[in-house]
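No hydrogens, no waters, no symmetry mates; every other heavy atom, side chains included, goes into these values. First listed ligand is number 1; within each ligand, the first listed atom is number 1. Note that this is a predicted model, so its numbers are computed, not measured.
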Amino acid sequence: MSIVYNPQQYKIADKPMEPFIDSDEIWDILNANNAPSPEQVRAVIAKGLDKKRLSLHETAILVNTTDIVLVEEIKAAARELKERVYGKRIVLFAPLYVGNLCVNDCTYCGFRSTNKKQARLTLGKQDVIDQVVALEDAGHKRLILVYGEHPRYDAQFIADSVKMVYEVKSKNGEIRRVNINAAPLDVEGYKIVKESGIGTYQIFQETYHKETYEKVHLAGTKKYYDWRLTGLDRAMEGGIDDVGIGALLGLYDWRFEVMGLLRHVNHFEAVYKVGPHTISFPRIQSASGFEVDKKYAVSDADFTKLVAILRLAVPYTGLILTAREPAHIRSEILEFGISQIDGGTNIEMKGYTSHKEEQDLDHEQFEISDNRSLNEVMMELVGKGYIPSFCTACYRQNRTGEHFMEFSVPGFIKRFCQPNALLTMAEYLEDYASPDDKVKGYKLIEDNLANYEDEKFKSKLIDRLAKIKGGARDLYF
Ligand code: SAM
Ligand code: SF4
């Protein structure tokens, strides 16, 4: 990799990197709010429902709420806020692992350098084409490319692989948005990657607790907590204003991690006047040579609660829930504020063309629990009245920060997001669905059309749907 991190030398635009996470401060806030009264909890819920960002103290009040009745009220509020603000859309994507070489030694990851059992592979051009064709043939329009950290996977390599993906077109299929989950780069590196036309650049801090961080990241660039923590600041500096943060739950106390995520959001809002685009909160899974330590395991109940808390605390940010979770948990948690899920996920290297029944952990990063096809995931959503969406319109119209707009611009969802979700769903139904699923899908579209009172707009939408039936593609508002 072109970057050799030197903590003494590295500065962002001549400003020294100042870590903005203070463990003591976070624990002080958690402890100061450790026995909230029902009145306090309800006041915070009311503020969240009013679409106001919650402070660290207010979030700590929700995090420390254990009374079952009040927790149900938090969940009900998150459900209401999601429905009120975002409606019933769920954006679908798939991960594509480009290379699993890695110089780091993250104890929990199958790709760690000390794991000699892991079969190492980097996709060549034809491999990328084959994987993307398979993904497009399943109906995908949005991918996240995933990379280990290795000198081979420098900024140029990442940019080249993004361009390769955009070039692949199979039948009516194409990938319209490529997001990235890769190692932090330097500012110059981000500029190169931005040029390739990426959507979001995701970096998960894994744990915001520095002591724990240092215990689980044993070698390579990733062992430097501050370098990683400021990774997305450099992305902003390099012109990537669409970033995703995350914490790997199970390394440390989840309550601390939720506060860390929120502190990270506060930092972004304070410095760049815009928060991150997405937040991820994967629960740690078994991996080749790694068993999950139960000490900090997050129960299903706490997991649901923390999703609801994040929804209320950061109402304008997209929340991502991946196939690490089993199907039943995903279905259950969806309603508390999730905006994006993956479908038809396969994280084995070249996995989209190998069609293996069972996971082989020596060929992949960790265990996943939801092995359903994209179609199965879609049709479950449809059955529950959700609108699966492959929309990429904002990104391609340069309307960045779409979650923020959805949230803050009155009528934005009705005029853009919802109709675009219906249009991309119609494309899916035309190109990839069985006759039965097509009937179910179009029924959902009809039901949603009935909600449009603006007849002029409705007729435009109906017209575009008809054009899609007639073979037109990629129509959006
Ligand atoms: N190598 C880059 C990095 O570490 O930032 C990017 C890709 S890494 C393959 C993507 C994410 O997978 C990591 O940030 C981590 O949160 C997650 N991950 C790693 N091991 C995991 C495990 N055992 N269970 C669940 N998620 C895991
Ligand atoms: Fe490498 Fe990322 Fe895995 Fe760490 S989490 S070992 S950096 S692939």
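Protein heavy atom closest to atom 24 (N) of ligand 1, with residue, atom name and distance, is Gln285 N, 2.9 Å. Phe366 CD2, 3.4 Å is the protein heavy atom nearest to atom 21 (C) of ligand 1. Protein heavy atom nearest atom 9 (C) of ligand 1, with residue, atom name and distance: Gln365 NE2, 2.7 Å. The nearest protein atom to atom 5 (S) of ligand 2, hydrogens excluded, is given as Lys222 NZ, 3.3 Å; this is a heavy-atom distance. The protein heavy-atom contact nearest to atom 7 (S) of ligand 2 is Asn104 ND2, 3.3 Å. When only non-hydrogen protein atoms are considered, atom 4 (Fe) of ligand 2 lies nearest to Cys106 SG, 2.2 Å.
Applying the 4.0 Å criterion to heavy atoms of Gly148 picks out, from ligand 1, the atoms 1 (N). Each of the atoms 8 (S) of ligand 2 lies under 4.0 Å from some heavy atom of Gly148. Contact atoms of ligand 1 toward Phe204: 14 (O), 16 (O) (distance under 4.0 Å to a heavy atom of the residue). Atoms of ligand 1 found under 4.0 Å from any heavy atom of Val146, numbered from 1 in the order shown, are 7 (C), 9 (C). Per-residue contacts place Cys102 under 4.0 angstrom from the following atoms of ligand 2 (heavy atoms of the residue considered): 1 (Fe), 6 (S), 7 (S), 8 (S). Of all atoms in ligand 2, listed by their number and element, those nearer than 4.0 Å to a heavy atom of Cys109 are 3 (Fe), 5 (S), 6 (S), 8 (S). Close approach of ligand 2 to Arg112 (heavy-atom distance below 4.0 Å) involves ligand atoms 6 (S). Atoms of ligand 1 lying under 4.0 Å from any heavy atom of Cys109, numbered from 1 in the order shown and given with element: 20 (N). Applying the 4.0 Å criterion to heavy atoms of Arg324 picks out, from ligand 1, the atoms 12 (O), 17 (C), 25 (C), 26 (N). Ligand-side atoms of ligand 1 in range of Glu206: 13 (C), 14 (O), 15 (C), 16 (O), range being under 4.0 angstrom from any heavy atom.
For Glu136, there are no side chain to side chain donor-acceptor pair (under 3.5 Å) partners, not counting sequence neighbours.
Atom CD of Glu195 is surrounded by 12 or fewer heavy atoms from other residues, nucleotides or ligands within 6.0 Å.
A salt bridge does not link Asp160 with Lys125: none of the charged nitrogens is closer than 4.0 Å to a carboxylate oxygen. In summary, Arg255 and Asp253 engage in a salt bridge, as defined by a charged side-chain N under 4.0 Å from a carboxylate O. Here Glu335 pairs with Arg79 in a salt bridge; the nearest charged N to carboxylate O distance falls below 4.0 Å. Remark: Arg234 does not engage Asp186 in a salt bridge, criterion side-chain N to carboxylate O under 4.0 Å. Between Asp302 and Arg283, no side-chain nitrogen of the basic residue sits less than 4.0 Å from a carboxylate oxygen of the acidic one, so the salt-bridge criterion is not met. Between Asp127 and Lys350 there is a salt bridge, with a side-chain nitrogen of the basic residue lying less than 4.0 Å from a carboxylate oxygen of the acidic one. Salt-bridge formation is not detected for the pair Glu214/Lys223: no Lys NZ or Arg NE/NH1/NH2 atom is positioned less than 4.0 Å from an Asp or Glu carboxylate oxygen.
Side-chain atoms of Lys51 do not come within 3.5 Å of backbone N or O of Gly48 as any donor-acceptor pair.
Contact annotation: Asn181 has at least one heavy atom less than 4.0 Å from an atom of ligand 1. In this structure, Arg228 counts as a contact residue of ligand 1, since one of its heavy atoms falls inside 4.0 Å of the ligand. Under the 4.0 angstrom criterion for non-hydrogen atoms, Gln202 is not in contact with ligand 1.
The closest non-hydrogen atom to atom 2 (C) of ligand 1, taken over Tyr147, Phe290, Tyr153, comes from Tyr147.
For ligand 1, the polar-atom distance check finds no N/O of Tyr97 at less than 3.5 Å from any of the ligand's N/O atoms. Here's the thing with Ser286: none of its N/O atoms is less than 3.5 angstrom from an N/O atom of ligand 1. At least one N/O-N/O distance between Lys222 and ligand 1 falls below 3.5 Å.
Close placement of the His217 and Tyr108 rings is indicated, their centers lying within 6.0 Å of each other. Taking the six-membered ring for Trp and the full ring otherwise, Phe256 and Tyr296 have centroids separated by 6.0 Å or more.
Using a 4.5 Å heavy-atom threshold, the side chains of Leu229 and Tyr208 count as touching.
Residues Ser331 and Glu380 bring a donor and an acceptor atom of their side chains to less than 3.5 Å of each other.
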Between Arg330 and Glu325, does a salt bridge (charged side-chain N to carboxylate O under 4.0 Å, His left out) hold up when you go through it step by step? CA-CA 6 Å; Arg330 298 225 287 174; Glu325 299 297 333; over 6 Å; no

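The backbone and the side chain of Tyr108 each have at least one atom closer than 4.0 Å to an atom of ligand 1 (non-hydrogen atoms only). Under 4.0 angstrom from ligand 1, there are no non-hydrogen atoms of Cys106.
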